Structure formats: C-alpha cells, structure tokens
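Order of the sequence lines fixes the chain letters, A, B, ..., with proteins taken first and strands second; residue numbering starts at 1 for each chain. Since we're looking at a predicted model, the values are computed, not measured. All heavy atoms count here, side chains included; hydrogens, waters and symmetry mates do not.
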There are 2 protein chains.
Amino acid sequence: METNDAIAALTALGHAKRLAIFRLLVVAGPSGRMAGDIGDELGMPGATLSFHLKELVHAGLITAEPQGRFVCYRAAFEAMNGLIAYLTHNCCAGSPQAECAPVAAACSPGDACC
Amino acid sequence: METNDAIAALTALGHAKRLAIFRLLVVAGPSGRMAGDIGDELGMPGATLSFHLKELVHAGLITAEPQGRFVCYRAAFEAMNGLIAYLTHNCCAGSPQAECAPVAAACSPGDACC
DNA sequence: TCTATTATTCTAGTTTTATGGAAACGAATG
DNA sequence: CATTCGTTTCCATAAAACTAGAATAATAGA
C-alpha cells in the first residue's frame, strides 16, 4: 500500500460515523449490508450516509455493488490488511524489540518486521 | 481500546505530516527521536511540527519525554496494537471466511476474530 | 405508464482543522 | 546573570470537511 492510499484510508476512518459504518461492514463479513440497512442501524439521514459511503469507497476501504434498487456495501478486507501492514512495516528498523513484539503478529509474511 | 480512542488515533494518522512523523518513530523503535531531529528530517517549521506532535501525543500514539533542553518522542506501540485490534475485532462476526483470513493474523490472542 | 421505493447528487451554511511567523518559555552554558 | 538553543504557545489567515434539506436518478411493481 502506498503512502497516499494509507493516508486516504486513515482519514476516512478517522471520523465517528465512517468508522461505525466500516466496523459494521467488517463484522458483517463478505455478505455485506444494504445502504438503507446501514442507515437504519446507525440512524443517519440518507444524504449524510451516502456522503460517508462515498468517502469510504473512494478510500478503497469498502466496495459498492448495485443490486436492483439496492446497493450492497462490503468491507474491503485486502485494503484493511494493507493498511495494517503499512502501519507496522519495518517497525523498530527490523530489529526485534520487546516493545513492538506484539506488532509482529500483524506484519505481512514478507515484511521485515521485528 | 475504546471507540473514541480509535477515532482519535485514526484522525491523527489521517494526515500526511503526522503519518510521516509516526512512521518515522515506528521505524526508530524504542529509542525514539528528538523533536528537532524529526523537524530536520521532515523539513517542517518548528511551530507546525509542534502542532502535529501535540496532536499525536493527545491521541496516545506517541509519548514525549523531556531530556534537558531536548524532547524525545517515541511511538506508543501498545496504542498501535490496540488500534489494529480494534479495527479487526470480531471481523466476519467471528466466523472464519476466506476473505478475511489474512486479518486473523492481526487479531489479539483473546479476540474472536475469524 | 404511473407510482412508490431506494439511493445519490446538488447546494449552502456551519464547523473544524492546518499553517507558520513572531513571541514566549525553559534549560543548559559561559 | 545573561546568552543561546530547542521547543512550545499565540494568533490570524487560509483551507478543508461535515451536515442535511431538496432535487434528481434509477428500479420494481401495479
């Protein structure tokens, strides 16, 4: 994941309503949730919801799939994994350290994480 | 990690300069970096650097330790692990799914991640 | 075709955040 | 005690983001 992608993803998630939407979709898993369904659950006006969904899609954190009149939104798990890998990449300059040991579990196999 | 803490951390990281600072400190590891050192490396005016450092400290992502005239900043690895755990918590409602399998590696031991 | 339903875009007003020069602060040095 | 150096705070300006009502598509069913 490129730096700009990571910034876009973090900016998108750094907002109460968008984080709530994203978490809802992460818990929902691959089956996703319909737009109206999300709005009902989070009590958000349609325009506001649509605005935030668009932000999340644009950041690559979720995907939208129209199904007739409905739109199904799903978490983009790959993007999430990429973001986590970006944050932890090369931590402690690649040298094992007690302080960052738990981070290692989050590193991608190929990373030089400690 | 509470939702509000996660939002604060994500908001703080969702900015090019702050993400650069944080990544610098993650790579630096437990020894950290001096404020002026960071400013030199990232080419940032003192006032701007101080503003962003304060944001990161307030979000709990880094710590500041005065050492005489200098201030040493360090990444808060626990906060980083907490944030990752928050994002991945209970993904796919706890049921193993191919789509989120890589996420599992990032989950804390006690989590019901897939 | 007409209507109800679902979702998005338009738009404007409000709020929040970022920037960096100048001044102030605190600690070490002479 | 005065000076220097590193850092922070103050402040005004500029820029960006949030919200939601109203209008606009797009689809399904009668």
Inset, instruction - Compare all side-chain heavy atoms of A/L19 with those of B/L87 and state whether any distance is below 4.5 angstrom. - result: yes

Legend entry - Residues from residues 11-28 of chain B lying under 4.0 Å of DNA chain C - heavy atoms: B/H15, B/K17, B/R18

Inset, instruction - Could you tell me whether a side-chain N or O of B/T88 sits under 3.5 Å from a main-chain N or O of B/I84, the two making a donor and an acceptor? - result: yes

Inset, instruction - Identify, with sequence neighbours excluded, every residue that meets side-chain hydrogen bond (donor to acceptor under 3.5 Å, both in side chains) alongside B/R18. - result: B/H52

Legend entry - Any side-chain heavy-atom pair of A/I21 and A/L49 under 4.5 Å: yes

Legend entry - Outermost nucleotides of DNA chain C that come under 4.0 Å of a non-hydrogen atom of chain B: C/dA18 to C/dA28

Legend entry - Those residues of residues 53-75 of chain A lying under 4.0 Å from DNA chain D by at least one heavy atom: A/G68, A/R69

Legend entry - Interatomic distance, B/L49 CG vs D/dG6 C1' [rounded to whole Å]: 11 Å

Legend entry - Shortest non-hydrogen contact from A/G14 toward B/T11: O-OG1, 2.8 Å

Legend entry - Under 3.5 Å: donor-acceptor pair, side chain of A/R74, backbone of A/P30: yes

Inset, instruction - Within residues 39-48 of chain A, find the residues that approach DNA chain D with a heavy atom at under 4.0 Å, and present them sorted by residue number. - result: A/P45, A/A47, A/T48

Inset, instruction - May I ask you to decide if B/L24's main-chain N or O and B/R33's side chain share a donor-acceptor pair within less than 3.5 Å? - result: no

Legend entry - Which atom of B/A35 lies closest to which atom of B/L53, heavy atoms considered: CB-CD1, 4.4 Å

Legend entry - Listed once per pair and sorted, the ring-ring contact (aromatic ring centres under 6.0 Å, His included) pairs that draw on residues 21-48 of chain A, sequence neighbours left out: none

Inset, instruction - On DNA chain D, check which nucleotide each of A/F51 and B/G36 is closest to and give me the residue with the more 5' one. - result: B/G36

Inset, instruction - Report yes or no: does B/N81 contribute a side-chain atom to a donor-acceptor pair with the main-chain N or O of B/F77 at less than 3.5 Å? - result: yes

Legend entry - Whether A/T48 side chain and A/M44 backbone form a donor-acceptor pair below 3.5 Å: no

Legend entry - Euclidean distance, A/R23 CZ relative to B/H89 NE2, rounded to 0.5 Å: 6.5 Å

Inset, instruction - Report, as yes or no, whether the 6.0 Å neighbourhood of atom CD on B/E2 holds more than 12 heavy atoms from other residues, nucleotides or ligands. - result: no

